[in-house]
Undergrad: 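Please see the structure below; I have some questions.
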Amino acid sequence: MLTVGLTGGIGSGKSAVSAELERLGATVIDADAIAREVVEPGTEGLAEVVEEFGEEVLTPEGRLDRARLGEIVFADEERLARLNAIVHPRVGERSAELMERARESGARVVVYDVPLLVENDLGSLYDVVVVVDAPDETRVERVAADRGMPREQVWARIRAQADREARLAAADLVVDNSGTREELSARVAELWKELLARA
Ligand code: ATP
């Protein structure tokens with residue numbers, strides 16, 4: 001079973017690529033979804049986050065206020081590291097479980113969508129690292145248009161993440177998403193062939 005780490009900066013098109021790969025037959029594991037799961041109300045993970053950051057990171061309903069927590073950690077590397085130290089081991093454990101399940105079900109290619117793969121130096125965990133790449137300006141425009149996020153906020157996220165050079169240096173394969181959705185589909189079809197060949 002081939003394990004693929006799929007990454008890219010905010011708005012690069014990771015979700016678009018992983019949805020397409022899933023359609024083609026890949027088993028997709030979404031690291032963000034797991035990261036949410038391990039801090040659901042009632043989890044040990046959430047209790048530790050509250051201990052570290054205080055009740056101010058909870059919504060009135062007692063869920064994690066991700067926007068509030070994001071404001072705190074994206075402005076402070078040390079606090080981001082402390083959050084990661086709580087969340088990452090739990091994500092790792094859950095990922096291993098899901099990977100085992102995929103293996104048992106006979107999957108040939110498992111794709112992990114891991115937004116911060118390069119930032120957290122996780123490339124060695126996967127057989128192949130695939131980077132989705134698009135120019136910063138394109139990403140800002142797409143995220144602003146589709147999600148209504150203020151441009152300056154998208155730029156702030158981009159500055160807090162690894163730069164393009166660092167990401168490309170970590171890549172075994174690159175998917176160029178600077179063009180249309182149709183062009184992206186065609187590139188993902190090529191990527192899928194390559195992954196099957198490597199599997
Ligand atoms: P994030 O890191 O923020 O989760 P992502 O890398 O998963 O982002 P997507 O959500 O797949 O990125 O894409 C960002 C936005 O750009 C989405 O609204 C998506 O619909 C749009 N998009 C992706 N690819 C293209 C494309 N080739 N042309 C136009 N819009 C695109």
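For ligands, and for the atoms within them, numbers begin at 1 and follow the listed sequence.
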Undergrad: What protein heavy atom sits nearest atom 16 (O) of ligand 1, and how far off is it?
TA: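 Its nearest protein heavy-atom neighbour is Arg142 CB, 3.4 Å.
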Undergrad: Please confirm whether Arg157 makes a cation-pi placement over Phe74, using NZ or CZ under 6.0 Å from the six-membered ring centre and within 45° of the ring normal.
TA: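 Yes; both conditions hold, so Arg157 lies above the ring face of Phe74.
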Undergrad: Is the shortest N/O to N/O distance between Val143 and ligand 1 below 3.5 Å?
TA: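 Looking only at distances, the answer is no, because the N/O contact criterion of under 3.5 Å is not met.
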Undergrad: Look at ligand 1 and say whether Gly11 reaches it with a heavy atom at a distance under 4.0 Å.
TA: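 Under 4.0 Å: yes for Gly11.
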Undergrad: Could you list which atoms of ligand 1 come closer than 4.0 Å to a heavy atom of Lys14?
TA: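 That gives atoms 1 (P), 2 (O), 5 (P), 6 (O), 7 (O), 8 (O), 11 (O), 12 (O) of ligand 1.
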Undergrad: Could you tell me the residue and atom name of the protein heavy atom closest to atom 11 (O) of ligand 1, and the distance to it rounded to 0.1 Å?
TA: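 The protein heavy atom lying closest is Ala16 N, 3.0 Å.
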Undergrad: Is it true that Arg23 and Glu20 make a salt bridge, defined as a side-chain N closer than 4.0 Å to a carboxylate O?
TA: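 Looking at Glu20 together with Arg23, the answer is yes, because their closest N to O distance falls below 4.0 Å.
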Undergrad: Could you check atom 27 (N) of ligand 1 against the protein and tell me its nearest heavy-atom contact, residue, atom and distance included?
TA: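 Here the closest protein heavy atom is Asn177 OD1, 2.8 Å.
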Undergrad: Is it the case that the side chain of Asn120 and the backbone of Leu122 share a donor-acceptor pair, with hydrogens and angles ignored and the cut-off at 3.5 Å?
TA: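 No: the side chain of Asn120 does not pair with the backbone of Leu122.
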Undergrad: Consider side chain to side chain donor-acceptor pair (under 3.5 Å). Of Glu52, Glu77, Glu48, which one does Arg82 pass it with?
TA: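 Option passing the side chain to side chain donor-acceptor pair (under 3.5 Å) with Arg82: Glu52.
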Undergrad: Tell me the protein heavy atom at minimum distance from atom 21 (C) of ligand 1, and give that distance in Å.
TA: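 Nearest neighbour among protein heavy atoms for atom 21 (C) of ligand 1, to 0.1 Å: Asp146 OD2, 3.3 Å.
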Undergrad: Which is it for Tyr126 and Thr3 under the side-chain contact (heavy atoms from CB on, under 4.5 Å) test, yes or no, and what are the steps along the way?
TA: CA-CA 5 Å; Tyr126 309 98; Thr3 63; 4.1 Å; yes
Undergrad: Just need the protein heavy atom nearest to atom 30 (N) of ligand 1, so name the residue and atom and give the distance.
TA: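 Protein heavy atom at minimum distance: Arg181 NH2, 3.2 Å.
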Undergrad: Return yes if some donor-acceptor pair links the side-chain N/O of Arg142 with the main-chain N/O of Gly11 below 3.5 Å, else return no.
TA: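 Checking the backbone N and O of Gly11 against the side chain of Arg142, no donor-acceptor pair under 3.5 Å is found.
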Undergrad: So, 4.0 Å and heavy atoms of Gly179: is ligand 1 close enough to count as a contact?
TA: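 Checking ligand 1 against Gly179, which is what was asked, there is a heavy-atom contact under 4.0 Å.
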Undergrad: Can we say Asp136 and Arg164 salt-bridge, meaning some charged N sits less than 4.0 Å from an Asp/Glu carboxylate O?
TA: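 Looking at Arg164 together with Asp136, the answer is no, because their closest N to O distance does not fall below 4.0 Å.
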Undergrad: Under 4.0 Å from ligand 1, counting heavy atoms only, is it the side chain of Thr180, its backbone, both or neither?
TA: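 Backbone only.
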Undergrad: What residue and atom, counting heavy atoms only, is the protein's closest point to atom 13 (O) of ligand 1, and at what distance?
TA: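 Looking at atom 13 (O) of ligand 1, the protein heavy atom closest to it is Gly13 CA, 3.7 Å.
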Undergrad: Is it true that Glu137 and Arg151 make a salt bridge, defined as a side-chain N closer than 4.0 Å to a carboxylate O?
TA: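 Arg151 and Glu137: not salt-bridged.
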Undergrad: In terms of residue, atom name and distance, what is the protein heavy atom nearest to atom 7 (O) of ligand 1?
TA: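 That would be Ser15 OG, 2.6 Å.
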Undergrad: For ligand 1, does Glu183 get within less than 4.0 Å through its side chain, its backbone, both, or neither, judged by non-hydrogen atoms?
TA: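 No part of Glu183 comes within reach of ligand 1.
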Undergrad: Quick check on Arg139 - does any of its heavy atoms sit under 4.0 Å from an atom of ligand 1?
TA: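 Contact check Arg139 vs ligand 1: negative.
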Undergrad: Taking NZ, NE, NH1 and NH2 as the nitrogens, is one of them in Glu71 or Arg68 under 4.0 Å from a carboxylate oxygen of the other?
TA: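 Looking at Glu71 and Arg68, the cut-off is met.
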Undergrad: Does some non-hydrogen atom of Gly8 fall short of 4.0 Å from ligand 1?
TA: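 No heavy atom of Gly8 comes that close to ligand 1.
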Undergrad: Are Ile29 and Val87 connected, step by step, through hydrophobic side chains (Ile, Leu, Val, Met, Phe, Trp, Tyr) whose heavy atoms are closer than 4.5 Å?
TA: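 Hydrophobic grouping puts Ile29 with Val87.
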Undergrad: Examine Leu184 against ligand 1 and note whether any of their N/O atoms are separated by less than 3.5 Å.
TA: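 No: no nitrogen or oxygen of Leu184 is under 3.5 Å from one in ligand 1.
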Undergrad: Just need the protein heavy atom nearest to atom 3 (O) of ligand 1, so name the residue and atom and give the distance.
TA: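 Here the nearest protein heavy atom works out to Arg147 NH1, 2.8 Å.
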Undergrad: May I ask you to decide whether Glu119 forms a salt bridge with Arg167, counting only side-chain N to carboxylate O separations under 4.0 Å?
TA: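 Looking at Glu119 and Arg167, the cut-off is met.
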Undergrad: Within ligand 1, which atoms have a heavy atom of Gly9 less than 4.0 Å away?
TA: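 Within the 4.0 Å cut-off of Gly9, ligand 1 contributes 2 (O), 6 (O).
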